[in-house]
There are 2 protein chains.
Amino acid sequence: MTRLPPDEAASLLERFRRHLRDRRLPVTRQRLAVAGAVFAADDHPSVLELSRRLLAGGDEVGTATLYRTLQLLVETGLVRERDFGEGYARYEPAAEGHDHLICQRCGLVVEFSGDRVERMLRVTADEHHFLYRRHHLEVHGLCRTCRGRDLDTPTAGDR
Amino acid sequence: MTRLPPDEAASLLERFRRHLRDRRLPVTRQRLAVAGAVFAADDHPSVLELSRRLLAGGDEVGTATLYRTLQLLVETGLVRERDFGEGYARYEPAAEGHDHLICQRCGLVVEFSGDRVERMLRVTADEHHFLYRRHHLEVHGLCRTCRGRDLDTPTAGDR
DNA sequence: TTACGTGCAAAGGCTTTGCAGTCGG
DNA sequence: CCGACTGCAAAGCCTTTGCACGTAA
């Protein structure tokens, strides 16, 4: 996943502040820190990983607050929650439309643009008299390094 | 989701038996019961729900065994595990080839052939040096009857 | 000042694991 | 017979919740 350009990350942070102000919710150090950490990510950090990064950045945030803030961010639509079937959630800035290739063997996650897929799905939706809004897509397979090996060993990837 | 035709369910069960035999794994009452319960489903039952159905059908199966058997079935590729972000897993027969259009307002689910999407994804996977194995796709939008109405009411669709 | 946020610790809920007993092949 | 399976109960793990204290506005 590509890291958000600094200005875009800043803009998302600003939108978060506005959202809080509009609802008369306190703008706290923790909330800004959590939002900033997610917007700065170039991957899909888990809660634990976010906690580590915040700590490393000198912004310690309690676990409960971290969870509560992420929930808030997801509700505002600024952050997206992803589930790769690992038993815990991952988070990413809700910037763009991309989908994921997931290696069934080693768990590697690679992103690709969802544009082509989306164009096709708009047509498909229309054929079924649906108005396309959004889609969720995961492609499971074997990455470059794993595809060379024995192909029918049970995999851990699917969960 | 549509229930599997009886013959197809039977065929999946047979494939499961063969898989077990091939690996010299015991074919037990519990394993057949669990597999049968999943293949007979016309929805996406959770572990708890499967447990209930098995019990109702006179096939009590311990929780641990249920989890272990489902894992086995997923590894064989005969059953698919789904995560709707509810905090627990759901299961369905892996009778493939269908994706879903889901109405964000009324919940209507319409299946459509995943062939076109799959062809595209094979190419995409290849571009990223992945070997395509399978995909999971949901398209969220508004169905024919709902699309006429107010379009920006918050939806429950995402998690 | 006051409502809401925060952190800790405990509780929750789903899933996995250890182990003694059982059974399929 | 032996290796694998079962079931129970306990442990694990991620996430949520209760509560006393702190803080943005």
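We name chains A, B, ... by the order of the sequence lines, and we start the count at 1 in each one. For clarity, every value in this text was computed on a predicted model and none was experimentally measured. Heavy atoms only: backbone and side chains are in, while hydrogens, waters and symmetry mates are out.
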Output side-chain donor-acceptor pairs under 3.5 Å for residues 11-19 of chain A, partner residues at least two apart or in another chain, one line each.
unit_1, atom_1, unit_2, atom_2, d
A:H19, NE2, A:R23, NE, 3.4

Distance-only criterion, 3.5 Å: show the donor-acceptor pairs between side-chain atoms of residues 55-67 of chain B and protein atoms not counting sequence neighbours.
none

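Every residue meeting the ring-ring contact (aromatic ring centres under 6.0 Å, His included) condition with A:H100, not counting sequence neighbours, appears here in chain and number order: A:H44, A:F84, A:H98.
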Under 3.5 Å, N/O pairs linking protein and nucleotides 21-25 of chain C:
unit_1, atom_1, unit_2, atom_2, d
C:dG25, OP1, B:V27, N, 3.1

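The residue among A:L72 and B:R90 whose nearest nucleotide of DNA chain C is located toward the 5' end is A:L72.
Two residues are said to be in side-chain contact when any heavy atoms from C-beta on lie closer than 4.5 Å; A:E118 and A:Y132 meet this criterion. Using a 4.5 Å heavy-atom threshold, the side chains of A:P93 and A:E8 count as separate. Side-chain contact between A:V79 and A:F39: present, with at least one pair of heavy atoms (C-beta onward) separated by less than 4.5 Å. You'll find the side chain of A:R116 reaches within 4.5 Å of the side chain of B:T124, heavy atoms only.
Spacing between atom CG of A:L32 and atom P of D:dT23 amounts to 16 Å, rounded to whole angstrom units. Atom CZ of A:R82 is separated from atom P of D:dC14 by 21 Å (rounded to the nearest Å). One interatomic measurement links the two molecules: CZ of A:R23 to P of C:dC4, which rounds to 13 Å at whole-angstrom precision. A:Q71 has its CD atom 14 Å from the C1' atom of C:dG5, to the nearest Å. We find that CD of A:E49 is positioned 13 Å from P of D:dC14, with the value rounded to whole Å. As a whole-Å value, the separation of A:R17 CZ from D:dA25 C1' is 14 Å. A straight line from CD of A:E86 to P of C:dT15 spans 15 Å, rounded to a whole angstrom. Per the geometry, NE2 belonging to A:H19 stands 14 Å off C1' belonging to C:dC4, to the nearest Å.
Side-chain contact, B:D99 with B:H136: no donor N or O sits under 3.5 Å from an acceptor N or O.
Distance alone, capped at 3.5 Å, is enough to place a donor-acceptor pair between the B:R3 side chain and the B:A40 backbone. A donor-acceptor contact shorter than 3.5 Å is absent between the side chain of A:R53 and the backbone of A:V38.
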Stepwise side-chain contact (heavy atoms from CB on, under 4.5 Å) check, B:V34 with B:L73
CA-CA 9 Å; B:V34 173; B:L73 283 163; 4.1 Å; yes
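Against DNA chain D, the stretch residues 60-70 of chain A makes heavy-atom approaches under 4.0 Å through A:A64, A:Y67, A:R68.
A sub-4.0 Å separation between OP1 or OP2 of D:dG7 and a side-chain N or O of B:Q30 is present.
The overall bend of the helix from C:dT1-D:dA25 to C:dG25-D:dC1, read as the angle between its terminal helix axes built from five base pairs each, is 40° when rounded to 10 degrees.
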